[in-house]
Amino acid sequence: MVTGLHIRPFMKKDYAALNNYCLPIEQAIYTSLPMKVIEDFRKDQYNLPMVIYVGDDLIGCFALYTDKAGNQYTSNEHAILLKSFSLDSRHQKKGLAFKALKVLPDMIKRDHPDKDEIILTVHHTNIPAINLYKKAGFVDNGYRFNGEDGEELVFHYALD
């Protein structure tokens, strides 16, 4: 684990750091900008925006979708959906996304003990993300979803 890497729910004090968040335009088709994640949270109580910090630096953002009836990618009512995972471009290619994904299962087990699986989707052309998720222990069981921008692969991570 990276010293000082921690994941926590978004708080109002994170707005300033999110305003400086950098995400290359070529990655924009694969994920939502953090401000969009926060806007979506305001519309849906089951979207829980989360932030990733290393020390005092906000380096990443994602959302957890907790509604058991609203997860269209699985019939498992005990699954939690990982959405819009991204890392600020200034912190990419340092192994931090992998380390955050390795911390995530224990955090979910602690904060959402009713959940037994993490589900995420990844665009079929997003090879770096596919490789990252596989390396972090997510499994592609062959499920596919036709998303707005094309085919999405559905990945699973069993919470033992």
Can you tell me how far the [atom1] atom of [X] sits from the [atom2] atom of [Y], to the nearest 0.5 Å?
{"X": "Ile127", "Y": "Leu132", "atom1": "CD1", "atom2": "CG", "result": "12.5 Å"}
{"X": "Phe85", "Y": "Leu64", "atom1": "CZ", "atom2": "CG", "result": "11.0 Å"}
{"X": "Gln72", "Y": "Ile119", "atom1": "CD", "atom2": "CD1", "result": "12.0 Å"}
{"X": "Leu81", "Y": "Thr74", "atom1": "CG", "atom2": "OG1", "result": "10.0 Å"}
{"X": "Tyr65", "Y": "Tyr73", "atom1": "OH", "atom2": "OH", "result": "10.5 Å"}

Return all side-chain donor-acceptor pairs below 3.5 angstrom for residues 104-116, not counting sequence neighbours, or 'none' if the list is empty.
from   : atom 1 : to    : atom 2 : distance (Å)
Lys115 : NZ     : Thr66 : O      : 3.1
Asp116 : OD1    : Asn76 : ND2    : 2.8

Closest approach of Val122 to Ala129 (non-hydrogen atoms, all atoms of both residues): CG2-CB, 3.7 Å
Asn47 to Ala63 - nearest heavy-atom pair and separation: OD1-CB, 4.5 Å
Pairwise side chain to side chain donor-acceptor pair (under 3.5 Å) hits with a residue in residues 133-145, at least two apart: Asp140-Arg144
Residues Phe155, Ile130; criterion side chain to side chain contact (heavy atoms under 4.5 Å, CB included); working and verdict: CA-CA 9 Å; Phe155 276 59; Ile130 290 169; 3.9 Å; yes
Whether Tyr157 and Phe138 hold their rings parallel, tilted or perpendicular, with breakpoints at 30° and 60°: tilted
His124 side chain vs Glu151 backbone, donor-acceptor pair below 3.5 Å: yes
Leu120 reachable from Val139 in the ILVMFWY side-chain graph, under 4.5 Å edges: no
Between Glu117 and His156: side-chain donor-acceptor atoms closer than 3.5 Å: yes
Can you list, pair by pair, the side-chain donor-acceptor contacts under 3.5 Å of residues 52-62, counting residues two or more places apart and other chains?
from  : atom 1 : to    : atom 2 : distance (Å)
Tyr53 : OH     : Asp14 : OD1    : 2.5

